[in-house]
Number of protein chains: 2
Amino acid sequence: MRTSDLAKRAGVRAETVLFYEKAGLLRPPPRTESNYRCYQPADADRLSFIRRARELGFDLSTVRQMLAASDNNGQDCSTIDKMAREQLIEIQQKLADLKALESQLRSLVSQCAGGMISECRIIEALASGTQSTRSDLAEGRPNS
Amino acid sequence: MRTSDLAKRAGVRAETVLFYEKAGLLRPPPRTESNYRCYQPADADRLSFIRRARELGFDLSTVRQMLAASDNNGQDCSTIDKMAREQLIEIQQKLADLKALESQLRSLVSQCAGGMISECRIIEALASGTQSTRSDLAEGRPNS
DNA sequence: TCTTGACCCTGTAGTTACTACAGAGTGTAG
DNA sequence: CTACACTCTGTAGTAACTACAGGGTCAAGA
């Protein structure tokens with residue numbers, strides 16, 4: 001398999017394959033006489049593994065460790081387990097943040113009734129929070 | 001106010017203030033004789049506006065447009081409204097993605113019963129999806 | 001045989017929103 | 001006078017790719 005064939009199988013770009021090699025996730029495959037990379041089906045599996053882990057939000061260095069662990073069958077499962085649990089907690093935190101953000105944004109959007117900027121509720125909401133009113137958002141020193 | 005005073009008021013770093021100036025969000029303030037930046041309270045309001053918008057997930061170019069709109073009181077509110085609605089949709093999409101991700105990850109984590117890597121359910125789950133079994137994750141060409 | 005087009009290679013620069021210096025100058029307290 | 005804390009500019013680093021530039025290779029068609 002050539003680089004682009006491997007890439008297609010996993011649904012990534014050829015550049016990404018090269019990037020993963022440089023990043024130490026994919027091993028340098030043998031080359032043809034003309035220096036083209038030559039991949040085996042097993043490489044496609046490894047690449048799919050990487051993609052699945054990435055889609056679950058694991059970062060590259062975590063994926064690297066997972067691959068190392070999976071290459072090392074005798075090892076204890078707890079490292080991997082710990083990484084997954086940490087990732088879960090991180091995702092749950094992000095989820096909570098995003099939920100809060102969504103409700104704030106929804107309330108922001110619901111307040112807009114059209115009309116002029118000067119009475120825009122969205123701008124007002126973003127400007128409020130300090131004691132100042134919207135009339136002086138560092139105006140008076142225009143820059144253009 | 002000096003740069004770091006302004007920064008403290010909005011809870012950002014001094015470098016971030018400079019960065020926002022370079023990015024065209026904060027206007028270059030007047031300088032002292034020795035070339036130090038001299039901010040007014042209104043600049044703090046503008047910076048807070050930026051921070052609030054950023055915390056709601058708006059990107060810098062959107063924030064720039066919002067500031068431009070808010071500097072231009074006569075303008076119609078619909079541009080801002082549109083930006084906020086688009087942002088809401090984006091956040092809702094991310095929220096949905098993250099929810100799906102969380103449940104996948106939760107099921108992954110719940111399957112781990114400890115033990116050796118060779119029978120790790122987490123690795124298995126990441127490796128599955130193609131027809132291949134976990135025994136051949138591009139092994140056989142170790143690289144170290 | 002020559003050419004065209006589609007690949008492949010390496011290496012570098014761009015993206016976002018900052019953060020972290022390096023190397024220089026300034027201001028003030030002891 | 002000196003130490004220390006600040007300021008300035010400019011550049012390089014972060015994550016995970018993406019997008020070239022400038023070269024080489026290969027197979028099919030004229």
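Keep in mind it's a predicted model, so treat the numbers as computed, not measured. As a basis for the values below, the full set of heavy atoms in this structure was taken, side chains included, without hydrogen atoms, waters or symmetry mates. Residue numbering restarts at 1 for every chain, and letters A, B, ... go by the order of the sequence lines.
Put simply, the residue from A/M83, A/R85, A/E90 that forms a side chain to side chain contact (heavy atoms under 4.5 Å, CB included) with A/Q87 is A/E90.
Protein atom NZ of A/K8 is 12 Å distant from nucleotide atom P of C/dA6, rounded to whole Å. In this structure, A/R64 places its CZ atom 11 Å from C1' of D/dA15, rounding to the nearest Å. In this structure, the CZ atom of A/R13 is 16 Å from the C1' atom of C/dC7, given to the nearest Å. Rounded to whole Å, the distance from CD on B/E33 to P on D/dT7 is 18 Å.
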Side chains of residues 13-22 of chain B: which donor-acceptor partners sit under 3.5 Å, not counting sequence neighbours?
from	atom 1	to	atom 2	distance (Å)
B/Y20	OH	B/R51	NH1	2.6
B/E21	OE1	B/R37	NE	2.8

Less than 3.5 Å apart, which donor and acceptor atoms pair up between the side chains of residues 91-104 of chain A and the rest of the protein, not counting sequence neighbours?
from	atom 1	to	atom 2	distance (Å)
A/Q92	NE2	B/E102	OE2	2.7
A/Q93	NE2	A/D97	OD1	3.0
A/E102	OE1	A/R106	NE	3.3
A/E102	OE1	A/R106	NH2	3.1
A/E102	OE2	A/R106	NE	3.1
A/E102	OE2	B/Q92	NE2	2.7
A/S103	OG	A/A100	O	3.2

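Within the structure, a side-chain polar atom (N or O) of B/T16 is placed less than 4.0 Å from OP1 or OP2 of C/dT19.
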Scoring nucleotides 9-17 of chain C by protein non-hydrogen atoms under 4.0 Å (B base, S sugar-phosphate only, - none) yields SB-B----B
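Listed here is the closest heavy atom pair of A/M66 and A/I80: CA-CD1, 3.8 Å.
Remark: the B/D59 side chain and the B/T62 side chain contain an N/O donor-acceptor pair separated by less than 3.5 Å.
A/Y39 is not listed as a side-chain neighbour of A/D5, based on a closest heavy-atom distance of 4.5 Å or more.
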